[in-house]
Each structure stands twice: as C-alpha cells, then as structure tokens.
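Below, all heavy atoms of this structure are taken into account, side chains as well, without hydrogens, waters or symmetry copies. Every value quoted in this text rests on a predicted model; they were computed, and no experiment measured them.
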Amino acid sequence: MKIHLVPAAVGLALLAGVGVATADQVIITPEQQTVVRQYVERHPLASISLLGVELNVGSTLPDTVELHEVPDVEYRYVVVDDRTVLVDPGTRRIVQVID
C-alpha cells in the first residue's frame with residue numbers, strides 16, 4: 001500500500017506546482033497595452049543600463065530603479081537598454097517587456 005501512495009503524492013505535488021505557476025501569470029489586456037504604449041510615447045524616459053539583470057518576464061528589478069506610473073494601469077514602467085519594461089510595483093517583478 002505504501003508503494004502506491006508515494007507516486008500519488010508525487011503526482012499531487014507536481015499538479016500543485018503547475019497550479020502555482022499558472023496563478024503567477026500576469027495577463028495584460030490589449031486595452032492596457034494600448035494605454036501603456038500611448039503614455040510611454042508621450043512621456044519618454046531616458047534609458048538606463050542594469051548590469052546583471054536579464055529583461056525577462058519574472059525577473060526582479062533592484063530597489064534602486066525608479067519606477068514610473070502609468071495612469072489607470074496598476075503596473076509601473078521603466079526603460080532599460082532602450083526597451084520599455086512593465087513592472088509590478090509590489091514585487092518589482094517584470095510582467096512584460098515592450099519592444
């Protein structure tokens with residue numbers, strides 16, 4: 001009986017992990033993307049360089065990076081290496097890289 005419970009427990013743990021990964025995904029609506037793109041075009045920022053930080057969704061930006069507000073959008077933005085990056089201000093995690 002114990003032999004059958006171990007694979008079942010491992011299977012449940014894997015399923016739970018998949019559920020957590022799915023829950024962490026951020027969905028930015030097309031309307032939000034339009035608002036952000038228009039705002040960024042009207043309010044350009046100087047690009048900064050961040051050594052050792054990869055611009056990938058899920059990467060965390062250091063506390064030293066100033067995040068800028070976009071009205072009516074819950075995320076903030078910054079321009080890194082000439083790429084606009086949307087960031088969750090609570091976690092400082094990148095939620096989208098806009099080229």
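For Asp63, the salt bridge (charged side-chain N to carboxylate O under 4.0 Å, His left out) test picks out Arg92, with sequence neighbours left out. For the ring-ring contact (aromatic ring centres under 6.0 Å, His included) test, residues two or more places apart in sequence or in another chain that qualify with Tyr39 are His43. Every residue two or more places apart in sequence or in another chain was checked for a side-chain hydrogen bond (donor to acceptor under 3.5 Å, both in side chains) with Arg37, and none qualifies. By the side-chain contact (heavy atoms from CB on, under 4.5 Å) test, Asn56 is found to be paired with Glu54, Ser59, residues two or more places apart in sequence or in another chain being considered.
Grouping the Ile, Leu, Val, Met, Phe, Trp and Tyr side chains by contacts below 4.5 angstrom, directly or via other members, places Ile94 with Leu50. Hydrophobic clustering (side-chain heavy atoms under 4.5 Å, transitive across Ile, Leu, Val, Met, Phe, Trp, Tyr) keeps Val95 apart from Val65. By the rule that hydrophobic residues join a cluster once side-chain heavy atoms approach within less than 4.5 Å of another member, Val97 and Val35 end up as members of separate clusters. If you chain together hydrophobic residues whose side chains sit under 4.5 Å apart, Tyr77 and Ile48 never meet in one group. Cluster annotation: Leu45 and Leu67 are assigned to distinct hydrophobic clusters (Ile/Leu/Val/Met/Phe/Trp/Tyr, side-chain heavy-atom contacts under 4.5 Å, transitive).
Every pair tested for salt bridge (charged side-chain N to carboxylate O under 4.0 Å, His left out) that includes a residue from residues 71-81 fails, sequence neighbours excluded, so the list is empty.
Between Val40 and Ile98 the shortest side-chain heavy-atom distance does not fall below 4.5 Å. At least one side-chain heavy atom of Val53 sits less than 4.5 Å from a side-chain heavy atom of Leu61.
Atoms OH and CD1, from Tyr75 and Ile28 in turn, are 5.5 Å apart once rounded to the nearest 0.5 Å.
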Give the table of side-chain donor-acceptor pairs shorter than 3.5 Å for residues 82-89, with sequence neighbours excluded, one pair per line with atom names and distance.
{"unit_1": "Arg83", "atom_1": "NE", "unit_2": "Asp99", "atom_2": "OD1", "d": "2.8"}
{"unit_1": "Arg83", "atom_1": "NH2", "unit_2": "Asp99", "atom_2": "OD1", "d": "3.2"}
{"unit_1": "Asp88", "atom_1": "OD1", "unit_2": "Gly90", "atom_2": "N", "d": "2.8"}

